[in-house]
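What you are looking at is a predicted structure, and each value in this text was computed from that prediction instead of being measured. To find a chain, count down the sequence lines: A is the first, B the second, and so on, and within it residues start at 1.
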Amino acid sequence: MAILVYTENREGKFKKATFELLSYAQEIAQKTNTSVVALSIGNVEDETLKTLGQYGAKKIISVKNAPEFLDNKIYTDIITSVIEKEAANIVIMAHNLSGKALAPRISARLKAGLVSAAVSTPSSYDPFVVKKAVFTGKAFAHIKVNTALKVITLAQNSFGINDPQDQDVSIETFDAGVDTNSKTKLIDTHKITGKLLLTDAEVVVSGGRGMKSADNWHLLEELADVLGAGLACSRPISDEGWRPHDEHVGQTGKIIAPTLYIACGISGAIQHVGGISASKCIVAINKDPDAPIFEVADYGIVGDFQNVLPQLLEAVKNIKNS
Amino acid sequence: MKILVCISDVPDTTTKVKFKDDNTAFETAGVQWVINPWDELSLTRAVEMKEKTPGLIDNITVVTVGPKESEATIRKALAIGADNAIRVDALPKDAFYVASQIAEAVKNENFDIILTGIDSADYNGSAVGGMLAEMLDLTSVSSVSSLNAENSKVTVTREIEGGTETIEAATPFLAIVQKGIAIEPKIPAMRGIMMARTKPLKVVEPADSETLTHIEKFEMPQAKGACKKFDAEGVDELVNLLHNEAKMI
């Protein structure tokens with residue numbers, strides 16, 4: 001028995017979401033007396049692979065022979081072959097774009113019960129029950145998995161990352177022996193450069209219709225710069241084309257859970273709140289004291305953004321410089 | 001080309017969620033049901049393709065797994081522009097069960113393109129599309145934000161962490177669709193609503209299928225503490241609190 005964690009790399013590097021998965025897996029391994037095996041697909045240097053050991057992996061399986069872009073079928077072939085090889089009983093992936101693409105295929109192929117967007121470690125192991133968010137953050141459900149093999153995708157920032165510890169880890173290069181000729185053809189890649197991705201950001205600064213115009217966004221950009229924050233927006237803003245779609249946060253956009261979320265000029269429609277309610281701390285700036293965003297905010301400023309944001313920027317700068 | 005759009009009906013996104021029977025069941029009383037937003041966008045894109053390129057799309061079918069009551073949602077899909085519908089007469093139990101039912105109902109229909117939403121606004125499983133692709137042994141691409149087709153080829157854009165990729169694939173093909181595929185969901189016109197009443201709706205009996213998971217209990221989130229509010233003069237105090245009390249900055 002083993003817990004298999006799919007450790008996705010981005011251009012040969014691991015992101016914090018991967019370390020969170022391993023930390024999560026390690027706690028389950030301790031409770032169930034099993035060990036954590038990490039699976040890496042693609043070209044990652046051994047030195048980088050070893051860092052997975054610091055977060056709980058005892059063994060790393062490195063499959064280098066794979067398409068350079070995600071092919072759902074081939075990656076499923078690889079992951080299922082490793083599940084069988086390691087006799088894994090729990091498979092853990094991130095609830096991100098690739099986790100959402102792969103986990104259902106793995107689940108269907110191996111008839112393994114899937115819990116998607118889990119928010120905590122199992123509350124019980126026999127029966128196996130895991131809590132997940134439902135109704136876009138408006139409630140939780142406790143899901144019982146009936147099958148021997150379980151697949152879990154973990155909602156980002158729902159568990160935390162353990163302090164890294166040096167421990168022995170073995171790296172095994174494995175050829176899964178699968179046909180790696182993709183039936184899909186990658187014809188173009190567009191990379192967003194020079195900005196912090198929302199999924200990587202600890203702090204997010206976000207704007208809504210109350211910002212009045214795309215021309216006022218520099219106020220949010222300056223604040224985000226000083227805070228080292230990512231930029232987000234509510235749905236009307238991306239629909240209007242003031243900001244790109246990849247910044248839209250909410251029910252039909254991205255669901256995020258940063259440590260600090262600063263919402264400026266966002267009224268707090270229920271669809272928007274669904275996308276941010278798992279944030280650790282929410283600060284709202286709105287000139288309407290009755291705006292629903294204040295019902296979910298921890299801290300609020302009632303005032304006009306033109307007046308508040310420059311003051312906020314100065315105050316944050318002072319703290320950062322002190 | 002024949003397109004299949006998988007739809008489900010979900011509570012309107014503004015629904016106040018409540019549970020009953022000792023928190024083991026969703027309280028459906030008073031709930032307004034709508035087409036799952038991502039499914040609605042998928043259908044909108046399918047209809048756009050059919051309308052904009054004459055001869056490209058011969059037929060758009062929608063399929064749902066649900067009881068008789070879900071036919072209101074199916075009629076809305078037909079009013080938006082689907083040509084016919086299939087309803088598998090069963091209560092959706094889990095994602096595996098739903099995908100199995102759809103797979104069984106459509107496996108001999110030779111659809112060229114199957115569209116499913118990336119998520120559902122009720123149980124947030126993000127699973128039916130990928131499972132269906134696996135069961136029908138189809139090439140699938142997920143997080144698709146644009147879709148074009150010609151002859152037996154589809155071109156899609158998908159979101160990746162930090163960017164997008166453009167991918168080509170041959171049909172038959174399954175796309176798991178997210179925001180961007182269409183800007184606004186298509187609103188049915190009066191003519192569409194009239195026509196929807198007479199469009200074919202086939203009801204099929206459910207196939208034998210197992211479930212892999214079961215919802216034991218629901219739980220509401222803990223109530224938030226009161227918001228600490230300041231006026232514009234309190235910005236410095238707030239920043240101090242964020243720094244010293246909340247340790248956020």
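Across all their heavy atoms, B:Ile160 and A:Leu97 have their closest contact at C-CD1, 3.5 Å. The shortest non-hydrogen separation linking B:Val17 to A:Ala139 is CG1-CB, 4.3 Å. Scanning both residues, A:Pro104 and B:Ser126, for their nearest heavy atoms gives CG-O, 3.5 Å. Closest approach of A:Asn146 and B:Thr211 over heavy atoms only: ND2-O, 3.9 Å. Residues B:Thr13 and A:Gln271 come closest through the heavy atom pair OG1-NE2, 2.9 Å.
Side-chain contact check for B:Lys16 versus A:Ile270: every heavy-atom pair is 4.5 Å or farther apart. For the pair A:Lys150 and B:Thr213, the minimum side-chain heavy-atom distance is 4.5 Å or more. The side-chain heavy atoms of B:Val141 and A:Leu70, taken from C-beta on, include no pair separated by under 4.5 Å. Put simply, the side chain of B:Ile215 reaches to within 4.5 Å of the side chain of A:Ile143, judged on heavy atoms. The shortest distance between side-chain heavy atoms of A:Leu114 and B:Leu212 does not fall below 4.5 Å. Side chains of A:His245 and B:Glu159 form no contact here, defined as non-hydrogen atoms less than 4.5 Å apart. Counting only heavy atoms from C-beta outward, the side chains of A:Val302 and B:Phe230 never approach each other to under 4.5 Å. Contact of the B:Met248 side chain with the A:Val283 side chain is not registered, since no non-hydrogen atoms from C-beta on lie closer than 4.5 Å.
Neither the backbone nor the side chain of A:Ala284 has a heavy atom closer than 4.5 Å to any heavy atom of chain B. With a threshold of 4.5 angstrom between heavy atoms, B:Ala226 approaches chain A through N, CA, C or O but not through any side-chain atom. Looking at B:Pro37, the atoms closer than 4.5 Å to chain A (heavy atoms on both sides) all sit in the side chain, from C-beta outward. Within the 4.5 angstrom heavy-atom criterion, atoms from both the backbone and the side chain of B:Lys229 approach chain A.
Each of B:Glu216, B:Glu219, B:Lys217 was compared with A:His142 under the side-chain hydrogen bond (donor to acceptor under 3.5 Å, both in side chains) criterion, and only B:Glu219 meets it.
Atom NZ of B:Lys20 has more than 12 heavy atoms from other residues, nucleotides or ligands within 6.0 Å. Residue A:Lys185 qualifies as open at atom NZ: its count of foreign heavy atoms under 6.0 Å is 12 or below.
Between B:Glu161 and A:Thr199, the side chains place a donor N or O and an acceptor N or O closer than 3.5 Å (distance only, hydrogens not considered).
Residue A:Phe140 holds its CZ atom at 9.0 Å from CD of B:Gln222, rounded to the nearest 0.5 Å. From B:Leu241, atom CG reaches atom SG of A:Cys281 across 10.0 Å, with rounding to the nearest 0.5 Å.
A:Lys100 places no side-chain N or O within donor-acceptor distance of the main-chain N or O of B:Gly130, the cut-off being under 3.5 Å. Without hydrogens or angle criteria, A:Thr184 side chain to B:Ala169 main chain gives no donor-acceptor distance under 3.5 Å.
Interface remark: of the candidates A:Val115, A:Thr153, A:Thr252, A:Thr252 forms the most heavy-atom pairs closer than 4.5 Å to chain B. Highest contact tally toward chain A, considering only B:Asp236, B:Leu242, B:Ile176, is held by B:Leu242 [criterion: heavy-atom pairs under 4.5 Å].
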